Amino acid sequence: MSKTANELVARSRRLGSDPRNTNFAGGNTSAKGVGKDPVTGKNIPLVWVKGSGGDLGTLSTEGLAVLQLDRVLVLRDVYPGLEREDEMVEAFDYCAHGKGGAAPSIDTAMHALVDANHVDHLHPDSGIAVATAADGKALTSKIYGDKVVWVPWRRPGFQLGLDIAEIKRRNPGAIGCILGGHGITAWGDTSAECEKNSLWIIRTAEAYIARNGKKDPFGPVIAANKPLAPAARRERAAALAPLIRGLASTDRPMVGHFTDAAVVLDFLSRAKHSKLAALGTSCPDHFLRTKVRPMVLDLPPSATIDAVAARLRKLHADYRVAYTRYYEKFADADSPAMRGADPLIVLVPGVGMFSFGPDKKTARVASEFYINAINVMRGAEALSTYRPISEKEKFRIEYWSLEEAKLQRLPKPKSHASRVAFVTGAASGIGKATAKRLAAEGACVVIADLDPAKAREVAAEIGSTDVAIGVGMDVRNEKAVRDAINEAVLAFGGLDIVVNNAGVSLSKPLLETTEADWDFQHDIMAKGSFLVSRESARVLIAQDMGGDVIYISSKNSVFAGPNNIAYSATKADQAHQVRLLAVELGEYGIRVNGINPDGVVRGSGIFTSGWGANRAKTYGVKEEDLGRFYAQRTILKREVVPESVADAVAVLTGPDLTLTTGVHIPVDSGVAAAFLR
């Protein structure tokens with residue numbers, strides 16, 4: 001890749017790494033230069049532009065679209081006009097240089113047509129504050145003089161590129177422009193000059209707002225809406241999260257994210273928060289991820305949980321009606337089908353913000369975008385009056401055929417996408433293998449283990465906190481279980497899959513088994529499974545989305561082996577919990593099933609803690625040969641490993657056995673004495 005492209009990537013990363021400059025995946029940058037024609041070998045003019053959907057802060061050269069500049073400029077002569085401008089995006093594909101790189105974005109025309117070697121289009125909070133102020137045009141002149149020019153709102157596309165190119169031609173002293181309702185664009189002859197101009201526009205707006213803005217742009221604090229204390233705030237958030245996630249998942253399952261950031265709590269405590277929230281966001285990047293407006297609870301944090309729950313249900317029903325009317329008002333015969341009427345942002349005064357998406361990253365980014373929107377509203381209200389683009393224009397963006405095409409290009413979701421799994425004893429063995437398998441199938445996973453450090457280590461192995469988190473939990477302790485479940489709910493919005501895997505075993509004959517031995521094993525497996533199932537059932541029921549509870553029981557729950565009275569008895573207890581809970585929870589659409597493994601030696605925490613040595617002694621074999629011994633006594637003569645059990649969990653919780661509940665699946669390579677009858 002050329003020096004020009006590398007320089008562009010470096011500039012983009014610097015700009016994109018500072019949230020004051022642009023939001024995640026927002027804005028785009030470009031550079032013009034020369035490169036060799038792959039056919040003739042001659043130098044030709046090129047333009048490199050950040051590709052569609054990329055993020056400036058993490059941009060690489062692979063994320064750039066590369067086009068032959070002369071071919072793009074020729075498009076001016078064949079442009080069919082505003083009513084058909086979407087056709088121009090497809091035309092960019094025929095301007096590609098070589099293999100073309102990334103897919104060209106909608107904003108490609110802005111970069112190619114503007115007569116400057118380097119162009120930045122960004123979405124800074126301060127710039128959008130000016131762009132969404134009622135008197136944004138006058139403010140632009142007052143703040144910047146003739147160095148920055150106001151451009152009235154226009155949907156991104158070829159015509160906007162022509163408009164900005166003409167504005168630059170008419171204003172040779174200008175370094176950029178404010179795009180009404182949208183963001184900023186800056187340019188320069190060199191990459192350094194362009195970056196300097198972008199930052200000057202952004203920082204000048206920040207300084208002007210700080211110097212001239214009203215003290216309390218959101219109005220006075222409403223005493224009743226002051227934030228709860230941190231512990232009480234998170235406790236209430238955990239109590240409300242499952243209900244809110246269930247409401248937000250009425251049309252399709254969603255993963256959640258919660259934040260009680262100070263900027264959110266302050267906004268929700270102010271007198272004007274409800275009115276401003278109702279106006280919705282303005283920058284296309286904002287409302288594409290947050291929907292046209294949030295759902296806002298209109299009760300104070302002192303209200304009872306029952307009162308809040310009832311009100312949220314009513315507000316949700318009203319929100320769906322209003323969104324459907326919005327869609328029907330502006331949709332035409334060519335509009336894509338409505339994508340769902342549920343809110344993506346739910347605001348709860350005194351508590352915080354719940355955001356949703358098909359995966360955790362999308363939900364988290366939606367939250368970040370609404371914080372951007374709050375900052376924009378604050379700046380606009382500080383200087384003037386916040387006035388976003390019209391709902392008609394919002395609809396034209398939200399249900400734009402080009403945006404729909406982008407959605408259709410997304411890969412098909414995996415089998416466990418949008419599901420949240422909570423796995424106990426997951427720092428090793430079966431639990432670890434299960435968590436890894438579920439994550440590979442698209443689930444968010446919570447690694448719960450007695451050792452919090454190991455739990456976090458395994459989570460980090462699996463992926464970022466958008467995919468997996470580790471929590472410490474002693475399954476014998478009721479509060480510890482409740483706290484861990486709450487942590488999972490606050491991380492991902494709720495639960496869908498619960499795997500009771502935590503276990504331990506002491507191999508002793510009856511006369512050597514002490515009361516302490518008995519209690520130790522029963523507390524961890526029988527009592528522990530009960531506590532985890534009970535606390536997670538509260539979440540599953542509140543969500544009203546169904547769910548799966550899986551017990552990792554054992555062949556020994558039905559097979560009378562020697563010298564393991566306490567272990568086998570507690571496994572039988574777990575096995576019957578499966579049947580009991582399948583009956584009790586079935587009315588809520590919650591399936592409860594069990595898995596009966598046998599001889600899982602490799603990677604097992606139980607076998608390495610003494611159980612393996614004792615079982616090897618019982619059967620008269622070497623400990624290192626125990627796995628092979630178990631395999632040879634089976635019908636299939638194959639060793640069972642942790643991944644074998646994980647496979648069964650994935651199948652039981654996947655889309656193919658949705659009518660199966662109350663069963664136990666043997667994963668033992670075939671032990672005839674343990675056949676279920």
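Bear in mind that the values here come from a model prediction, so they are computed numbers and not experimental data.
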Salt bridge check: are [X] and [Y] linked by an N-O gap of less than 4.0 Å?
{"X": "Asp449", "Y": "Lys432", "value": "no"}
{"X": "Arg245", "Y": "Asp496", "value": "yes"}
{"X": "Glu643", "Y": "Arg437", "value": "no"}
{"X": "Arg325", "Y": "Glu328", "value": "no"}
{"X": "Arg289", "Y": "Glu368", "value": "no"}
{"X": "Asp342", "Y": "Lys291", "value": "no"}
{"X": "Asp474", "Y": "Arg476", "value": "yes"}

Regarding [X] and [Y], is there a side-chain donor-to-acceptor distance under 3.5 Å anywhere?
{"X": "Thr570", "Y": "Asp573", "answer": "no"}
{"X": "Ser644", "Y": "Asp647", "answer": "no"}
{"X": "Asn500", "Y": "Ser533", "answer": "yes"}

Crowded around [X] [atom1]? As in, over 12 foreign heavy atoms under 6.0 Å?
{"X": "Asp451", "atom1": "CG", "result": "yes"}
{"X": "Glu584", "atom1": "CD", "result": "no"}
{"X": "Lys272", "atom1": "NZ", "result": "yes"}

Exercise for the section: Let me know which of Thr424, Asn596, Val645 forms a side chain to side chain contact (heavy atoms under 4.5 Å, CB included) with Ile552. Expected result: Val645

Exercise for the section: Give me the one residue out of Val592, Ile595, Val498 that meets side chain to side chain contact (heavy atoms under 4.5 Å, CB included) with Tyr551. Expected result: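 Answer after filtering Val592, Ile595, Val498: Val592.
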
Donor-acceptor pair, distance only, cut-off 3.5 Å: does the side chain of [X] make one with the backbone of [Y]?
{"X": "Lys414", "Y": "Ala440", "value": "yes"}
{"X": "Arg320", "Y": "Pro343", "value": "no"}
{"X": "Ser415", "Y": "Gly654", "value": "no"}
{"X": "Ser282", "Y": "Ile389", "value": "yes"}
{"X": "Glu441", "Y": "Ala417", "value": "no"}

Exercise for the section: On the 0 to 90° scale, with breaks at 30° and 60°, tag the Tyr399-Tyr327 ring pair as parallel, tilted or perpendicular. Expected result: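 Perpendicular, since the angle between the ring planes exceeds 60°.
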
Distance in Å, [X] [atom1] paired with [Y] [atom2], rounded so as to fall on 0.5 Å steps:
{"X": "Ile550", "Y": "Ser529", "atom1": "CD1", "atom2": "OG", "result": "12.0 Å"}
{"X": "Asp125", "Y": "Ile371", "atom1": "CG", "atom2": "CD1", "result": "10.0 Å"}
{"X": "His664", "Y": "Ser553", "atom1": "NE2", "atom2": "OG", "result": "5.0 Å"}
{"X": "Ile462", "Y": "Cys444", "atom1": "CD1", "atom2": "SG", "result": "11.0 Å"}
{"X": "Gln543", "Y": "Leu247", "atom1": "CD", "atom2": "CG", "result": "10.5 Å"}
{"X": "Phe369", "Y": "Leu344", "atom1": "CZ", "atom2": "CG", "result": "12.5 Å"}

Handout entry: Pair Thr434-Asn501, side-chain hydrogen bond (donor to acceptor under 3.5 Å, both in side chains): steps then yes or no
Key = CA-CA 9 Å; Thr434 298; Asn501 169 73; 5.9 Å; no

Exercise for the section: Quick one: list whatever passes side-chain contact (heavy atoms from CB on, under 4.5 Å) with Tyr326, sequence neighbours left out. Expected result: Val292, Tyr323, Phe330, Glu391, Lys394, Phe395, Glu398

Problem - Pairs satisfying ring-ring contact (aromatic ring centres under 6.0 Å, His included), at least one member in residues 240-260, at least two apart - result: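 Those involving residues 240-260 are Phe258-Phe354.
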
